[in-house]
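For ligands, and for the atoms within them, numbers begin at 1 and follow the listed sequence. Since this is a predicted model, take the numbers as computed values, not measurements.
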Amino acid sequence: MTALFQQLPAVDKLIKMPQGEQLIAEFGHSAVVAMCREVLMQARQSIQKNHQLPEYLNGIDRTFATLRSRLTQQNTVQIKTVHNLTGTILHTNLGRAIWSQAAQQAALSAMQGNVALEYDLEEGRRGHRDHHISALLSRLTGAEAACVVNNNAAAVLLMLATFAQGKEVVISRGELIEIGGAFRIPDIMAQAGCHLVEVGTTNRTHLKDYRQAINENTALLMKVHSSNYQILGFTSSVSEQELVALGREMNVPVVTDLGSGALINLAQYGLPQEPTVQEKLAQGVDLISFSGDKLLGGVQAGIIVGKKQWIAQLQAHPLKRVLRCDKVTLAGLEATLRLYLNPEKLTENLPTLYLLTQSLDELQDKAQRLKVRLEKRLNAQFDIQIEEAQAQIGSGSQPMARLPSLAVTIAEKTNSKLTALAERFKTLSQPIIGRMENGKLWLDVRSVATIEMLLQVVDEL
Ligand SMILES: *Cc1c(COP(=O)(O)O)cnc(C)c1O
């Protein structure tokens with residue numbers, strides 16, 4: 001074994017060789033030395049265990065190839081772009097909405113230099129970072145003002161902490177939801193220091209339930225969009241309109257966590273309808289919170305719109321400072337919102353809406369191109385077909401609704417392994433993510449934003 005250890009090159013020797021010097025020129029001295037030590041240590045452990053020199057250090061060329069590949073890997077950003085063929089358009093695990101061109105450009109210029117973030121160019125004095133977005137949202141929704149934070153979970157926390165800390169919040173048992181990533185309404189309430197007062201039952205809540213729960217400690221009446229689940233059958237819930245009337249009578253503000261928060265009526269495109277922010281404002285809700293990267297099709301943010309006096313209190317709360325957005329997010333969000341000023345062009349300009357409104361002809365074209373390319377690459381190893389599929393919006397929008405779609409399906413033949421192929425898809429420079437169902441790999445093309453790039457990646461197979 002000693003003989004084997006002696007075959008391992010010394011770090012000093014490696015870095016003085018021409019190939020070593022080349023690596024240092026590319027990756028830097030510290031990184032190369034650290035990587036040499038790491039690889040040699042692993043080799044020593046491997047020798048101890050297997051009593052032979054590991055394959056990756058067999059010969060000096062192999063050794064340098066190993067070092068180069070590990071150093072390259074170390075410098076590669078691991079948050080990889082992937083191709084979403086899951087059929088879920090707003091997929092939280094895959095980063096939700098794709099940014100529009102306009103948002104990308106705005107974000108890029110914001111990153112590249114200083115911006116007048118909290119500086120009023122006209123007055124030449126300190127301004128407010130949500131100012132432009134607030135004005136835009138007022139124009140788009142009719143709200144008096146807006147406040148922007150990191151995501152909708154933060155928005156809910158901020159609303160509760162600002163108006164209901166140490167006080168009671170009345171909410172229906174049917175709306176005590178958990179959505180992915182450990183967002184649970186009761187937990188957020190606890191974090192905000194509020195007392196949750198549950199009313200009604202899981203399936204039915206009436207106005208009188210809210211009325212009976214109101215006392216001098218009640219700070220808010222709250223509605224939460226049920227998002228990723230639906231209660232069917234013998235159900236009843238109280239509309240915002242009714243709740244607002246009660247709130248006015250008892251002098252308690254009403255807030256709504258709208259979740260996705262559409263700014264346009266999706267029914268005009270023949271899509272399943274989601275309540276819009278405008279609709280809820282028109283019903284008199286005092287504050288509405290929603291996400292920036294769900295149906296809005298923008299960037300990760302939480303937006304709160306409503307009455308000026310309430311928004312001013314949110315802006316003044318210390319938590320707002322903790323939860324505020326950076327210049328890049330605000331630039332991307334502002335650019336996204338400006339697209340809504342030209343609603344006729346939205347299906348073209350906003351990737352989320354484009355994906356949702358693609359015609360079956362477009363989907364057929366994409367599916368056909370993908371099928372041809374896969375057949376070329378996989379020869380006849382697999383059975384490849386185009387089949388009707390059911391896509392979905394995702395991120396808690398209309399969880400039961402399905403959008404007609406097409407998928408390229410791949411089934412294994414006697415000598416091929418589908419699991420191996422799915423694994424291979426994941427190792428591509430931009431991994432392809434589909435879904436397994438009924439023993440086939442389904443590649444739903446409705447969630448594909450960039451077919452050309454996808455086809456190029458298929459060529460790596
Ligand atoms: C998605 C969602 C949230 C959380 O929003 P994020 O932007 O992911 O923080 C909160 N409430 C509801 C009802 C939702 O649908």
Under 4.0 Å between a Lys/Arg side-chain N and an Asp/Glu carboxylate O for Glu452 and Arg369?
-> yes

Row check, Tyr119 ring normal vs Arg125 NZ/CZ: under 6.0 Å, within 45° = no

Against heavy atoms of His225, which atoms of ligand 1 measure under 4.0 Å?
-> 13 (C)

No-hydrogen, no-angle side-chain donor-acceptor test under 3.5 Å, Gln430 and His83 | yes

With a cut-off of 4.0 Å, which atoms of ligand 1 are near a heavy atom of Ile177?
-> 13 (C)

Any heavy atom of Lys223 under 4.0 Å from ligand 1? The part involved is neither

Nearest protein heavy atom to atom 7 (O) of ligand 1, by residue and atom, and its distance?
-> Ser291 OG, 2.7 Å

Return the residue, atom name and 0.1 Å-rounded distance of the protein heavy atom closest to atom 15 (O) of ligand 1.
-> Ser227 OG, 2.5 Å

Nitrogen or oxygen of Lys294 less than 3.5 angstrom from that of ligand 1 | yes

Atom 9 (O) of ligand 1: which protein heavy atom is closest, and how many Å away?
-> Ala153 N, 2.8 Å

Verify the distance criterion only: is there a donor paired with an acceptor across the side chains of Glu242 and Ser239 at less than 3.5 Å?
-> yes

Going by atom types alone, do Glu387 and Thr409 pair a side-chain donor with an acceptor below 3.5 Å?
-> yes

Return a yes/no value for Asn152: is any of its N or O atoms, backbone included, closer than 3.5 angstrom to an N or O of ligand 1?
-> yes

Under 3.5 Å: N/O of Arg96 near N/O of ligand 1 | yes

Do His128 and Glu118 meet the criterion of a side-chain donor-acceptor pair at a distance under 3.5 Å?
-> no

What do you reckon, does Asp257 have a nitrogen or oxygen under 3.5 Å from a nitrogen or oxygen of ligand 1?
-> yes

Do me a favour and list the nearest non-hydrogen protein atom to atom 4 (C) of ligand 1 with residue, atom name and distance?
-> Ile179 CD1, 3.4 Å

Can you list the atoms of ligand 1 that are under 4.0 Å from a heavy atom of Gly259?
-> 12 (C), 13 (C), 14 (C), 15 (O)

Going by distance alone, is a donor N or O of one side chain under 3.5 Å from an acceptor N or O of the other, for Ser395 and Arg96?
-> yes

